[in-house]
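The structure under discussion appears below in the form of structure tokens.
In listed order, ligands and their atoms are each counted from 1.
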Amino acid sequence: MQWSENVNIKMADTILILGACGQIGTELTQSLREIHGNENVIASDIRYGDDEFVKEGPFEIIDATDREKILEVIQKYNISQVYLMAAMLSATAEKYPQKAWELNMNSLLIILELAREKHIKTVYWPSSIAVFGPSSPKVNTPQDTIMNPKTVYGMSKLAGEHWCNYYHDKYGVDVRSLRYPGIISWKTKPGGGTTDYAVDIYFKAIEEGKYECFLDENTMLPMMYMNDAIKATIKIMEADSKDIQIRTSYNLGAISFTPEEITNEIKKHLPDFEISYKPDFRQDIANSWPQIIDDSKARQDWNWSHDFDLASMTEEMLKNIQSKIISA
Ligand code: AKB
């Protein structure tokens with residue numbers, strides 16, 4: 001090939017997703033493959049997930065705390081972007097605090113170091129509303145406020161945010177992050193979170209017509225439909241670096257509701273649906289979190305907006321779960 005032919009070739013991003021078989025990782029992988037092409041998005045997880053998904057493009061078994069293996073894969077595929085989606089969520093992390101800290105922190109520090117050493121250009125790392133604590137304002141929780149998280153998961157996310165900011169300020173690492181609320185999806189179920197009830201409730205409504213909720217009826221939490229979460233993630237990664245003013249992590253909001261409100265919405269479609277409440281240890285976690293997030297910085301800096309409210313999300317969830325069950 002002549003040099004002149006070469007100059008017009010724009011180098012495509014080659015992407016590695018760690019934790020690709022998880023709730024967000026699965027759908028993120030699919031969306032990124034649609035944008036960048038299957039062969040340019042390398043899915044990885046500690047074990048194989050769904051067979052179809054694995055066959056759609058390159059897949060590698062990677063433990064997100066294994067620096068050597070990650071570097072080997074980065075070099076094998078000439079990776080430029082890493083999405084680090086592997087993490088232990090709030091409820092499981094309370095059962096295994098040391099393990100949670102090790103996984104959540106070590107995996108991040110490995111990726112930040114690899115970026116500092118210029119093996120990667122851009123890093124995406126998810127934070128969470130769990131960075132806030134009982135002394136944070138509950139309504140319209142600001143971007144910058146008292147944090148004091150009470151959970152190991154929240155502590156790891158808050159510490160991680162500061163590591164991201166440090167690597168950006170000190171070494172110029174291009175790392176971007178969002179504080180996800182509870183994410184609602186039907187393709188892959190979440191595991192080990194406090195907001196998971198808002199996914200389980202839809203499945204149980206269709207499969208059994210009833211649900212026993214582990215939070216009480218008035219517990220309001222910030223939530224988001226998966227399509228919006230994927231949209232936000234891709235949008236922040238595609239934004240101009242100069243527009244990313246916050247290098248800890250952006251507050252990200254969409255909707256907030258209580259178990260009672262989601263039940264009433266489900267009942268509009270399934271009038272016989274029954275709910276009962278049996279709060280467990282996750283109630284304390286939920287009580288320490290915000291109810292409504294102020295995400296105006298994300299809306300200003302890189303034009304974030306959400307599409308789904310409780311009614312449209314409920315319609316989508318019930319429709320998709322029903323067809324998933326029929327085609328299974
Ligand atoms: C959890 O419940 O732990 C997560 C989160 C809010 O980060 N869904």
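Of the protein's non-hydrogen atoms, the one nearest atom 2 (O) of ligand 1 is Thr194 N, 2.7 Å. Remark: minimum distance from atom 6 (C) of ligand 1 to any protein heavy atom is reached at Ser128 OG, 3.6 Å. The closest protein non-hydrogen atom to atom 3 (O) of ligand 1 is Ser90 OG, 2.6 Å.
Counting heavy atoms only, Thr195 comes closest to atom 4 (C) of ligand 1 of the residues Leu221, Ile285, Thr195.
Transitive grouping of hydrophobic side chains (ILVMFWY, heavy atoms separated by less than 4.5 Å) brings Ile129 and Leu215 into a common cluster.
Which parts of ligand 1 touch Leu89 is read off a 4.0 Å heavy-atom cut-off, strictly below it: atoms 3 (O). Residue-ligand proximity, Trp289 to ligand 1, at heavy-atom distances under 4.0 Å covers atoms 1 (C), 2 (O), 3 (O), 6 (C). For ligand 1, the atoms sitting less than 4.0 Å from at least one non-hydrogen atom of Gly193 are 1 (C), 2 (O), 3 (O), numbered in the order shown with element in parentheses. For ligand 1, the atoms lying closer than 4.0 Å to a non-hydrogen atom of Tyr153 are 3 (O), 5 (C), 7 (O).
Between Lys69 and Glu72 a salt bridge is recorded (basic side-chain N to carboxylate O distance below 4.0 Å).
Both the sub-6.0 Å distance and the 45° axial angle are not jointly satisfied by Lys297 relative to the ring of Trp304.
Under 3.5 Å, the side chains of Gln23 and Ser185 contain a donor-acceptor pair of N or O atoms. Between the side chains of Ser90 and Thr151, no donor N or O sits under 3.5 Å from an acceptor N or O.
Not one N or O on the side chain of Lys189 forms a donor-acceptor pair closer than 3.5 Å with the backbone of Asp196.
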